[in-house]
Every structure is written in structure tokens, then in C-alpha cells.
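As the structure is a computational prediction, the values presented were derived from the model and not from experiment. Chain naming here is simple, since letters A, B, ... match the order of the sequence lines and numbering starts at 1 in each.
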There are 2 protein chains.
Amino acid sequence: MSIQYAILGLLSWKPASGYELKKIIEDSPTMYWSGNNNQIYKALVQLLNEGLVANQIQHQESSPSKKIYSITNEGRSRLKEWVVSEPEIPEFKNAFLVQLAWAVQLSNEELHDLLLRYESMINTQLLYQQEKIKRGIASPKRNARELFIWDKISENLLSFYQNELAWVQGMREELNKRNSE
Amino acid sequence: MSIQYAILGLLSWKPASGYELKKIIEDSPTMYWSGNNNQIYKALVQLLNEGLVANQIQHQESSPSKKIYSITNEGRSRLKEWVVSEPEIPEFKNAFLVQLAWAVQLSNEELHDLLLRYESMINTQLLYQQEKIKRGIASPKRNARELFIWDKISENLLSFYQNELAWVQGMREELNKRNSE
DNA sequence: ACGAGCATGTAACGGGTTACATGATTGA
DNA sequence: TCAATCATGTAACCCGTTACATGCTCGT
């Protein structure tokens, strides 16, 4: 999936400049891109060329002028098409598992320590995501249905980290049991 | 994390040719790379230049000669270093959540259908991973500890899909309840 | 005086993917 | 005869990241 649909979605909510989109994407736990300029400004040009968005230059005194992008009717129908299209399978790449795969060579202490470090990283990440969600500036709340959907999206993200936490804690316990036997 | 460590890990288990590594990586649920030639042959050249692996050409009658790579002592100590190093946080990118974010515009039927399709894709993926694990040709079983670790790795992968399944099923149920109210 | 925020853009690079290229053998 | 398997490699391309570049304003 390309970032263009993410941008198209945001613009279907409200018009925005590249700079605003960048910040929204940066802060969004769901939209997993880093929010770098390169991608966003390029994507906007492409969307413009395809006629899916339009822009309007807004001059401002005492700050640089900005290009406000808004979605066109064509953009809306393209977005709808995409939303009902075949979902992609989620991408889950866990480098830690590859690391663990060759951890036989470690002592029990080293292995235990490695698991603890992973656990604490996941925990930090969980808190960070919760924080992002709680602040949740950039989320439309136009009706109860939208609220429900966005809630479920947050729940999904959190459950991912919780699942990971439960797994690593389980593994640590089993290891301890094995070692004390 | 680069694929070089994955390859180094495999070679710490047993020597192999690029072609064999390709197949192992393709079939491995944990090593998430596609297993394309470009990456593997390039990585092997780099590992060779760094002195972490060595190769030996094996001529065969009635099939092309192959280069058998094996890990060096330097490679082993580099691998150990990496294994005890700071883990990375897992990468979880779910395009479906971005799609869902703009699903307010859908009818209840369309939304329900979308969720069902996602559920069936996850389910397929879960079965596929289970199959891969069950076949599990490419997994070292040198001792009970290694078996335990590899078991836990498989468990992690499966729990990811199971968690995703539980989430989507929960969402479907809640939606039905809401609609019947 | 300096850094942060607003605002737009470009350059360089790395990782990863598909597809192409070659060539022998084996089984349907 | 056609496709698959063994075996190595290259080319073209896309996506995404960091870093660079510019310039104005506002608060400390």
C-alpha cells in the first residue's frame, strides 16, 4: 500500500498543507510512515497530476505561504474504491526472533538478560503508543460509528504490543522453571 | 537488521551454498525476507570481504558447481556479539488499519464484508505459517535448549496471527450488536 | 543571540523486490 | 517437449530514510 491512500484519506477528512500532513502522519500510531518530506511532497504532486486532489496557495503575512490541498470528487471515489478493495496481510518483521534463533550459544544469564531487555523495549513502546493515542489530536470524531472504528484501530495496535509482552514474559517464566529443575 | 546476520546465523549451524540459503530463507517463517538472489549473493560477497565466511568451490558432475560457504572464527565471534546486542523493536505495519480508518463511509454490509475478508486472509496466513512450521525442514535441533527456543519462536509467530484473528472477530461481534440495537 | 516552529523542497543512499540471463539435467 | 530443479549472477526499479537547503518569525 502506498502512502498516497493515507494522504487521500486524511484529505477526505479535512484539507491540509503538506506540512500539516507531515505532522499528522508523524504523530499517528496507525499511519506507520516516518512522515518525511520527501515522500509527502512527492506524493502530493502525484495525486495532483492524477487529479485526485487540488491545491490552493494561501499567502500569509508573517509566515511562509502554504499550499492547501483538498480532495476532489475523483479523489473521493478513488478512496472509496480502495477502502472496499482486498485488504493486505499485515507486515510483521521481528528481527529479535532471528537474534533469538542463535541464542543457544548464550549462558542462561545472558539469555535471561536478553529477554528482559526485549521486554522492557516492548513495554516502553506500549507506553509510547498509549501516549500517542491518548493525545490523539489527529483523529476525526464525526459520529459514533467513526469513534468506534478508530477505537478499534487503537485497540489493535495496543493488543499487538500486549501480545508480545505476554509472550516474552511466558518465555522467561518457562526458562526459569527449566533452570531450577 | 541486515540479512547478513541471518545468513551468518544459518552458516553457524551448517555450511551451505547461496542457493541453499535462498531456499531456507524462503521457507522460513521467522526470516522474513523473500529470499531473492540479489540480496543473498551480494550479502555473501560482503561477508566474504569482511572475512566472516569462507567459501570453497565444489564441482559436481551433471549439475552446476556450487560455492559452499562456511563461517570463520571471526564470523562466529561477530555473530555472538550481535546476538547479545540491543534488540530491535519489531516492525508492525498494518495497511488494513489505514483502510479501516476511512471505512465510515461504508454501509454496514460493506464494512462487515470487509472485516470478513480480512479475517479470512489472516486465517489463511495462520494456516500457511502452521504448515511452514510443521514441515520445518530448516531448523536445527541440536539439543533440548535449542528446541525450546525454536518452539518459542514459532509460538510467537502464531500468536501474532491468533491475536489478529481474535481482534477482528471481536470487532465483528461488536458491530453486529450495535446494528441490532 | 539562539533555537524552535512554520513551510517547501532536493539529494544521496540503502534495502528490498521483480524480472532477466545462462545453462545443464530430470521427470511428466 | 515443456516445466521444474539446480546454481550463479545482473539490471532496473520502488520505497523509505536521513540529511541538506532556504528563509521568516516568535519567544526566551
**OP:** Could you pull out the closest heavy-atom pair between A:Ala54 and A:Leu48, with the gap in Å?
**Re:** CA-CD1, 3.9 Å

Subject >> Nearest heavy-atom neighbours spanning A:Met121 and B:Ile89 >> reply: CE-CG2, 3.9 Å

Original post:
Would the A:Trp150 and B:Trp102 ring centres measure less than 6.0 Å apart?
Top reply: yes

Does [N] have OP1 or OP2 sitting under 4.0 Å from an N or O in the side chain of [X]?
X       : N      : answer
A:Gln39 : D:dT17 : yes
A:Lys42 : D:dG16 : no
A:Ser34 : D:dT17 : yes

Residues [X] and [Y] bridged, charged N to O under 4.0 Å:
X        : Y        : value
A:Lys141 : A:Glu146 : no
A:Lys177 : A:Glu174 : no
A:Lys23  : A:Glu20  : no

For [X] and [N], what is the distance between atoms [atom1] and [atom2] respectively, to the nearest whole Å?
X       : N      : atom1 : atom2 : answer
A:Ile3  : D:dC14 : CD1   : C1'   : 14 Å
B:Tyr69 : D:dT8  : OH    : P     : 8 Å
B:Glu88 : D:dT17 : CD    : P     : 14 Å
B:Ile40 : C:dG15 : CD1   : P     : 15 Å
A:Met1  : D:dC15 : CE    : P     : 12 Å
B:Trp33 : C:dG15 : CH2   : C1'   : 11 Å
A:Glu91 : C:dG16 : CD    : P     : 11 Å
B:Lys66 : D:dC6  : NZ    : C1'   : 9 Å

Subject >> Nucleic acid contacts - residues 16-26 of chain B versus DNA chain D, non-hydrogen atoms under 4.0 Å >> reply: B:Ser17, B:Gly18, B:Tyr19, B:Lys23

Original post:
Out of B:Leu158, B:Ile153, B:Ile133, which residue meets the side chain to side chain contact (heavy atoms under 4.5 Å, CB included) rule with B:Pro29?
Top reply: B:Ile133

Subject >> Verdict with reasoning, A:Glu91 to A:Lys93, per salt bridge (charged side-chain N to carboxylate O under 4.0 Å, His left out) >> reply: CA-CA 6 Å; A:Glu91 200 183 304; A:Lys93 296 182 176 178; 3.5 Å; yes

Anything under 3.5 Å between a protein N or O and an N or O of nucleotides 10-13 of chain C, put it in a table, one pair a line.
residue: C:dA11; atom: N6; partner: A:Asn38; partner atom: ND2; Å: 2.0
residue: C:dA12; atom: N6; partner: A:Asn38; partner atom: ND2; Å: 3.3

Original post:
How far apart are the C-alpha atoms of A:Asn49 and A:Val45, what are their side-chain angles, what is the distance that settles it, and do they pass the side-chain contact (heavy atoms from CB on, under 4.5 Å) test?
Top reply: CA-CA 6 Å; A:Asn49 288 339; A:Val45 170; 3.9 Å; yes

